[in-house]
Amino acid sequence: MDNLSFGTDEVGLVDMDGAGTNGVGAHGKSKAAHNPDKVVAVLGSGDYGRAISRRLVSAGYHVLIGSRDPNRSKIKALVRQTGATLTAQDAAIEEAGTVVVAVGRDHYDHLPLSLLQGKILIDVSNNTERRKGPHYRSNAEYLQGLVQDGKVVKGFNVLSAYALENGGLQGSKEVFLAGDHADAKMKVSEMVRAMGFHPVDWGSIAASRDIEDVPLRLMPSWKRPVAVVFGIFVFLWILAFFSFQICRNIQSGQWDENWKNIPLTNFNRVIAITALWTLAFCYIPGLIAAYIQLWRGTKYSRFPKWLDDWLKMRKQLGLLMLGLAGIHACVSVAYITPQTTGWVYEEPTKFQAEVVVDANTTTTNTLTIYNNEFNWRGEFFLSMGAIATCLLVVLGISSLPSVTATLSWREFTFIQSKLGWVALITAACHDVFLAWHYMFLYWGCFRTLPIGPQYALYPPFIAVIMKLPLLLPPVDNYLQKIRRGYERGSQSESNKKGNPS
Ligand SMILES: Cc1cc2nc3c(=O)[nH]c(=O)nc-3n(C[C@H](O)[C@H](O)[C@H](O)COP(=O)(O)OP(=O)(O)OC[C@H]3O[C@@H](n4cnc5c(N)ncnc54)[C@H](O)[C@@H]3O)c2cc1C
Ligand SMILES: NC(=O)c1ccc[n+]([C@@H]2O[C@H](COP(=O)([O-])OP(=O)(O)OC[C@H]3O[C@@H](n4cnc5c(N)ncnc54)[C@H](OP(=O)(O)O)[C@@H]3O)[C@@H](O)[C@H]2O)c1
Ligand code: HEM
């Protein structure tokens, strides 16, 4: 908001509550009105026209809202709150060198186009759906076609009327600009800065096609990671269903075992294993990348596309994993009891009683009194789960842009890489302590297929095995050298050896 003072000093009349006092109609002309660079016409008295006008007035601009009918009392009342002056379209355009076109694309050809020639025209429009194809022209290109001598600059469309009125609190403060006229873009950039936002130049007017698509994007960087995690979940769910329900019932021949465990127990175990696998999949691509760099002896050649894509989705995989681990921890706390996970509790006490059924019959009944204390294994198992969860939360917090911005590169890498590895190993130990007594002895289905806590460890195990050689000092030093720019067999290296090639 610092930049807002830019114009306020100059105008000296701005009311920050929004009831601006430099509207000509109500209060006479402001100082800005005498500086032609500070006079802006806004075409359209709708939501966006009013929101951007209000913001411009706060930034020290003299704003004329050009309406088709400036005499409507309702519109007059609304415009009064912005501090701008309501007038006819022609009058507004004539007074200003810069015109914000805050009307929908469908109405562009109803505007007084001849008056717009030679002006800087800011196209703020958005689309309701992505329009693509060989003959597609963005709204800004369409406007430029209508006003050949105008200097169209695409901008502001990524900010909603709400964001403009509330200081850019909703979403990014970046305003993307595109246009073929450098001088016009420079003026609009100044305006953007004065309003408290950051201009980002995307290039020529053709880039307005991409800028107009920005508000329509639906989390593009999340689609693939979500699909990957969902795929892992479905695969593991089928495996668990086969293992706990189908296989058990085939073995017993009864077909009445474990069906009721599907919604909670199966779900919790599958979520837990998906989380552990996904965590390992955050670290495996970096390891593959390290081996490729060692193999090629340089960091300057491109990784295969699949690896590049995988490396780029690690943040999303990590955050999805954090969500799954959170669900697993909550569900587990809710259902862990000596009855559901007896093997992590001290032994229960069992009583056997002879029960007299009638004069001739007695039966032996067993009464179990469960022990609520964890055994050693239970203590380790749960504390490992809790520590892993805490570390993962730290990783998650550090990836928030506002937090990342406060960390040095070293601090961020320490949290993401070192603490992340500790979290992976701790979570794997949590799993090992849960099932260590049968980890290598017991097999599930038909005594051949692995059980959940066993296959949960496969990806973390692969990651650790791949990591160990990289920790050896000669390998580590060599990799560091490569990452600092050394190239095996390069010209400079040959020269150093006195061996010009
Ligand atoms: C909750 C959560 C949030 C996450 N948030 C983010 C995020 O915001 N951004 C993000 O990018 N990722 C994020 N991740 C994913 C992951 O934590 C990071 O990508 C992490 O930095 C990967 O660590 P790495 O060791 O594989 O890193 P890399 O730097 O890719 O290293 C790969 C491997 O190369 C080797 N290596 C690297 N540098 C050197 C060196 N100088 N010398 C020798 N060897 C070296 C090491 O063996 C290392 O294991 C998140 C994960 C989780 C769980
Ligand atoms: N609302 C947002 O959050 C937002 C965000 C980004 C971009 N935008 C863009 O800003 C532009 C305006 O959006 P808005 O939300 O302000 O829409 P709106 O509330 O419907 O206002 C549009 C205004 O255009 C004017 N207009 C000029 N010629 C017109 C015609 N022939 N028919 C109808 N209206 C005409 C009208 O003002 P007069 O009656 O005074 O002439 C009308 O109030 C659109 O291009 C939109 O894509 C809006
Ligand atoms: C406070 C945090 C946590 C608690 C209380 C907790 C609790 C539990 C419990 C009770 C089980 C046994 C489930 C069962 O057998 O039905 C379990 C299993 C497991 N947990 Fe956790 N956990 C926590 C955190 C984590 C984290 C962070 C991870 C990894 C990312 C994780 C991964 C696993 C795995 C892989 C299993 C084995 C699943 C199976 O039985 O096949 N847990 N956990």
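Just so you know, residue 1 is the first one in the sequence shown, and it goes up from there. Remember, it's 1-based here, ligands and their atoms both numbered in the order they're listed.
Here the heavy atom of the protein found nearest to atom 24 (O) of ligand 2 is V103 CG1, 3.3 Å. Given atom 16 (O) of ligand 3, the protein heavy atom at minimum distance is Y335 OH, 2.4 Å. Among protein heavy atoms, the minimum distance from atom 12 (C) of ligand 2 is reached at A102 O, 3.2 Å. Counting protein heavy atoms only, atom 34 (N) of ligand 2 is closest to R68 NH2, 3.4 Å. Counting only heavy atoms of the protein, atom 37 (C) of ligand 1 lies nearest to R483 NH1, 2.3 Å. In terms of protein heavy-atom proximity, atom 17 (O) of ligand 2 is nearest to D47 N, 4.7 Å. Closest protein heavy atom to atom 3 (C) of ligand 3: A329 CB, 3.9 Å. Remark: minimum distance from atom 6 (C) of ligand 2 to any protein heavy atom is reached at N126 ND2, 3.2 Å. Among all non-hydrogen protein atoms, the one lying nearest atom 7 (C) of ligand 2 is V124 O, 3.0 Å. The protein atom (non-hydrogen) at minimum distance from atom 5 (C) of ligand 3 is L382 CD2, 3.7 Å. Atom 37 (O) of ligand 2 has S45 N, 3.2 Å as its closest protein atom, hydrogens excluded (heavy atom only). Taking atom 4 (C) of ligand 2 as the reference point, the nearest protein heavy-atom neighbour is Y48 CD1, 3.1 Å.
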Does the pair D213 and R217 meet the rule for a salt bridge (charged side-chain N to carboxylate O under 4.0 Å, His left out), with working shown? CA-CA 6 Å; D213 274 349; R217 282 184 193 161; over 6 Å; no

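Polar contact with ligand 3: absent for D431 (N/O pair, distance under 3.5 Å). Between D69 and ligand 2, no pair of N/O atoms sits closer than 3.5 Å. Residue G46 places at least one N or O, backbone or side chain, under 3.5 Å from an N or O of ligand 2. Some N or O of H430 is nearer than 3.5 Å to an N or O of ligand 3, by distance alone.
Closest heavy-atom approach to atom 51 (C) of ligand 1 among the candidates G318, P401, A463: G318. Remark: among candidates G286, S417, P285, the nearest residue to atom 24 (P) of ligand 1 is S417, based on non-hydrogen atoms. The closest non-hydrogen atom to atom 15 (O) of ligand 3, taken over H328, R269, Q454, comes from R269. Closest heavy-atom approach to atom 33 (C) of ligand 2 among the candidates Q89, H107, E212: H107.
Here H110 has side-chain heavy atoms under 4.0 Å from ligand 2, and that is the only part of it that gets that close. Neither the backbone nor the side chain of L324 comes within 4.0 Å of ligand 3, counting heavy atoms alone. For A272, heavy-atom contacts with ligand 3 shorter than 4.0 Å involve the backbone as well as the side chain. Under 4.0 Å from ligand 1, the heavy atoms of L279 that appear belong solely to its side chain. Contacts of R72 with ligand 2, taken as heavy-atom pairs under 4.0 Å, involve the side chain alone. Both the backbone and the side chain of R314 come within 4.0 Å of ligand 1, counting heavy atoms alone. Using a 4.0 Å cut-off between heavy atoms, L159 contacts ligand 2 through its backbone alone, with no side-chain atom that close.
Interface atoms of ligand 1 facing A290, defined by a heavy-atom separation under 4.0 Å, are 34 (O). Residue-ligand proximity, M321 to ligand 3, at heavy-atom distances under 4.0 Å covers atoms 30 (C). Annotation for ligand 3: atoms under 4.0 Å from non-hydrogen atoms of G385 are 2 (C), 23 (C), 24 (C). Of all the atoms in ligand 3, the ones that sit under 4.0 Å from a non-hydrogen atom of G452 are 41 (O). Within ligand 3, counting atoms from 1 as listed, the ones closer than 4.0 Å to a heavy atom of L434 are 12 (C), 18 (C), 37 (C), 40 (O). Less than 4.0 angstrom separates some heavy atom of T389 from each of these atoms of ligand 3: 1 (C), 2 (C), 24 (C), 27 (C). In the vicinity of F412, heavy-atom distances shorter than 4.0 Å reach the ligand 1 atoms 7 (C), 8 (O), 9 (N).
Side-chain atoms of R314 never come within 3.5 Å of backbone atoms of Y283 as a donor-acceptor pair (strictly under, hydrogens ignored).
Under the 4.0 Å distance rule, the nearest protein heavy atom to atom 39 (O) of ligand 2 falls inside the cut-off. The nearest protein heavy atom to atom 11 (O) of ligand 1 is not closer than 4.0 Å.
Within the structure, ligand 3 has I336 among the residues with a heavy atom less than 4.0 angstrom away. Under a 4.0 angstrom heavy-atom cut-off, G396 registers as being in contact with ligand 1. Using a non-hydrogen distance threshold of 4.0 Å, M384 does not register as a contact of ligand 3.
We find that E165 and R50 are not joined by a salt bridge, their nearest charged nitrogen and carboxylate oxygen being 4.0 Å or further apart.
Using cut-offs of 30° and 60° on the angle between ring planes, the pair H328 and H430 is perpendicular. The aromatic rings of Y142 and Y108 lie parallel to each other, their planes meeting at an angle below 30°, with 60° marking the opposite boundary.
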